[in-house]
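Keep in mind it's a predicted model, so treat the numbers as computed, not measured.
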Amino acid sequence: MEEQSHTQSASEEEADEQSIQDAAKLSPRLIYEVIRRDGEEELERPTRSLIWSGIAAGIMISFSVLGEAIFRTYLPDAPSSYLIENLGYSLGFLLVILGRMQLFTENTITTVLPLMAAPTRGMFGRVCRLWGIVLIANVIGAFMIATVFAHTSAISPDLMPALMSLSEHAVGMPAGESFMRAIPAGILVAAIVWMLPQVENAAFFVILVFTWLIAAGDFTHIVAGSVEMGLLAVTGNLGFIDAIFGFFLPVLFGNVVGGTAIFTLMAWGQVRDEMVEQI
C-alpha cells in the first residue's frame, strides 16, 4: 500500500513537471531552432511546389488591399475611420500566413537562419534560389489578381475609387521614402515569424495586430504593394520604369534590410553563443 502511494506520488510529480515544462516559455534558442528547421524544410521543397504556393500567396495577399478598400468605401467619415480601415490590411496576411503559403518577406528570416548556421556557398545558393522563385511567383500572383480586379466584374465598381486611391498612395512615394518605410515592415513581418512558435493559439491575434500596424504606420510591403503596383500598371496609370525603380526595388531592398539585416541578425545574435556551446 505504501509502495502504491509512493508510485502514485511520483506519477503526480512527473505530471506536474510535464505541465510546468509545457507551460514554460520557449527560450530564444528553442524559437531559433523551430524556425531554422522550418527554413530547412522550405529549402528542400520542390520548385513546382514553391511556384504554386508563391502564386497563391500573391493572389491571396490581395485581400489586404481589398479589405482596406472595403472599409474605406463604407465606413462613415470620422477621425477613427483611418485606424479601423487598416484592419482590412490584415486579412490577406491572415490568409497567407495561417494558410502556410510562400510569402517572400517571411523567407527573409526562415531561410536565412539555416544560412547563418551553415554559411556555405551551397547554402547561399539554395537561399537565393528560394528567394528568387518565391518573389517572382508572388509578383505573378499579384499581377494576376490585379488584372482580375481591373478588367472583370469580380468586385463592385464602388470599390474601385478606394482601390485606386490606396494604390496611388502606396506607389506614389519617392523611392527613398519607400525604401525607408519598407524597413519597419520587414522587421514586423520577421517579428511575427519569430513570435509564432511561442504564441500558437494566439497566432491569429499576433498576425492581426502587427500587420495592422504595418498599414496604420503607412509602411510599405513588397508583395501587398505589388498588388497595388499591378493595379496601376494594368490600368495604364504606371509606367515600367517608375514601377521598378520608383517602387519595386526600393521596397524590396527595404524589406530585406528590415527582415534580414536587422531583425534576423539580432535574432541570431541572441542565440549564436548558445548554439556554438551546444555543438
Test side chain to side chain contact (heavy atoms under 4.5 Å, CB included) applied to Leu95 and Leu91, step by step: CA-CA 6 Å; Leu95 287 169; Leu91 298 179; 5.6 Å; no
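- With contacts defined as side-chain heavy-atom distances shorter than 4.5 Å, the pair Val139/Phe104 does not qualify.
- Ala224 approaches Val65 most closely through the heavy-atom pair O-CG2, 3.8 Å.
- Across all their heavy atoms, Gly246 and Ser178 have their closest contact at O-OG, 4.0 Å.
- Judged by distance alone, the side chain of Thr260 and the main-chain N or O of Val257 form no donor-acceptor pair under 3.5 Å.
- Separating the OG1 atom in Thr73 from the CG atom in Leu66 is a distance of 9.0 Å, to the nearest 0.5 Å.
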Between His221 and Phe93, is the ring-ring contact (aromatic ring centres under 6.0 Å, His included) condition met? List the steps. CA-CA 11 Å; His221 184 271; Phe93 285 92; 4.9 Å; yes
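- Judged by distance alone, with hydrogens and angles left aside, the side-chain atoms of Asn138 form a donor-acceptor pair with the main-chain N or O of Gln102 at under 3.5 Å.
- In this structure, Leu103 CG and Leu135 CG are separated by 10.0 Å, a value rounded to the nearest 0.5 Å.
- Distance check, rounded to the nearest 0.5 Å: CD of Glu68 to CG of Leu166 gives 5.0 Å.
- At least one side-chain heavy atom of Tyr74 sits under 4.5 Å from a side-chain heavy atom of Asp158.
- If you take CE on Met195 and CD1 on Ile35, they are separated by 10.0 Å, rounding to the nearest 0.5 Å.
- Put simply, the residue from Ile59, Val223, Ile61 that forms a side chain to side chain contact (heavy atoms under 4.5 Å, CB included) with Val96 is Ile61.
- No donor-acceptor distance shorter than 3.5 angstrom exists from the side chain of Ser165 to the backbone of Pro161, with no hydrogens or angles considered.
- Screening Ile187, Ile192, Leu188 for a side chain to side chain contact (heavy atoms under 4.5 Å, CB included) with Ile214, the sole residue that qualifies is Leu188.
- The heavy-atom pair separating Met229 from Phe143 by the smallest distance is CE-CE1, 3.6 Å.
- In the hydrophobic clustering of this structure, Met173 does not group with Leu249; members are Ile, Leu, Val, Met, Phe, Trp, Tyr whose side-chain heavy atoms approach within less than 4.5 Å, directly or through other members.
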Just do the side chain to side chain contact (heavy atoms under 4.5 Å, CB included) check on Trp194 and Leu113 with the steps written out, would you? CA-CA 11 Å; Trp194 185 261; Leu113 289 182; 4.3 Å; yes
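- Using modelled atom types, one side-chain atom of Asn255 and one backbone atom of Thr220 make a donor-acceptor pair closer than 3.5 Å.
- When each of Ile145, Thr147, Thr152 is paired with Phe149, the side chain to side chain contact (heavy atoms under 4.5 Å, CB included) condition holds for Ile145 and for no other.
- A salt bridge links Glu33 with Arg36: the closest approach of a Lys/Arg side-chain nitrogen to an acidic carboxylate oxygen falls below 4.0 angstrom.
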Between Glu42 and Val134, does a side chain to side chain contact (heavy atoms under 4.5 Å, CB included) hold up when you go through it step by step? CA-CA 11 Å; Glu42 297 293 342; Val134 170; over 6 Å; no
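- We find the SG-CG distance between Cys128 and Leu115 to be 8.5 Å, quoted to the nearest 0.5 Å.
- Phe219 and Phe248 fall within a single hydrophobic cluster, where Ile, Leu, Val, Met, Phe, Trp and Tyr side chains are chained together by heavy-atom contacts under 4.5 Å.
- Enclosure of atom CZ in Arg129 by more than 12 non-hydrogen atoms of other residues, nucleotides or ligands within 6.0 angstrom is indicated.
- A donor-acceptor pair is defined here as one N or O able to donate and one able to accept, closer than 3.5 Å; no such pair exists between the side chain of Thr110 and the backbone of Asp38.
- Judged purely by atom type and a 3.5 angstrom limit, Asn86 has no side-chain atom pairing as donor or acceptor with the backbone of Trp212.
- In terms of modelled atom types and a separation under 3.5 Å, the side chain of Ser53 and the main chain of Ser49 share no donor-acceptor contact.
- Using a 4.5 Å heavy-atom cutoff, the side chains of Ile140 and Ile136 are in contact.
- Under 4.0 Å is where a charged nitrogen must lie from a carboxylate oxygen, and between Arg45 and Glu41 no such pair does.
- A side-chain donor-acceptor contact under 3.5 Å links His151 to the backbone of Val234.
- The backbone N or O of Gly186 sits nowhere less than 3.5 Å from a side-chain atom of Thr105 that would complete a donor-acceptor pair.
- Note that the CG atom of Leu83 and the CZ atom of Phe71 stand 12.5 Å from one another [nearest 0.5 Å].
- A pairwise comparison of heavy atoms in Leu163 and Ile155 identifies CD1-CD1, 3.2 Å as the closest pair.
- Criterion: ILVMFWY side-chain heavy atoms under 4.5 Å apart, direct or through other members. Under it, Trp52 and Leu50 are not part of a common hydrophobic cluster.
- When all heavy atoms of Ala216 and Tyr82 are compared, the pair lying nearest together is O-OH, 2.9 Å.
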Audit row: Leu232, Met164, side chain to side chain contact (heavy atoms under 4.5 Å, CB included) steps and yes/no: CA-CA 7 Å; Leu232 293 178; Met164 295 300 292; 3.6 Å; yes
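- Panel note: side chain Trp131, backbone Asn107; a donor-acceptor pair is recorded below 3.5 Å.
- At most 12 non-hydrogen atoms from other residues, nucleotides or ligands lie less than 6.0 angstrom from CZ of Phe124.
- Closest of all the heavy-atom pairs between Ile262 and Gly258 is CB-O, 3.6 Å.
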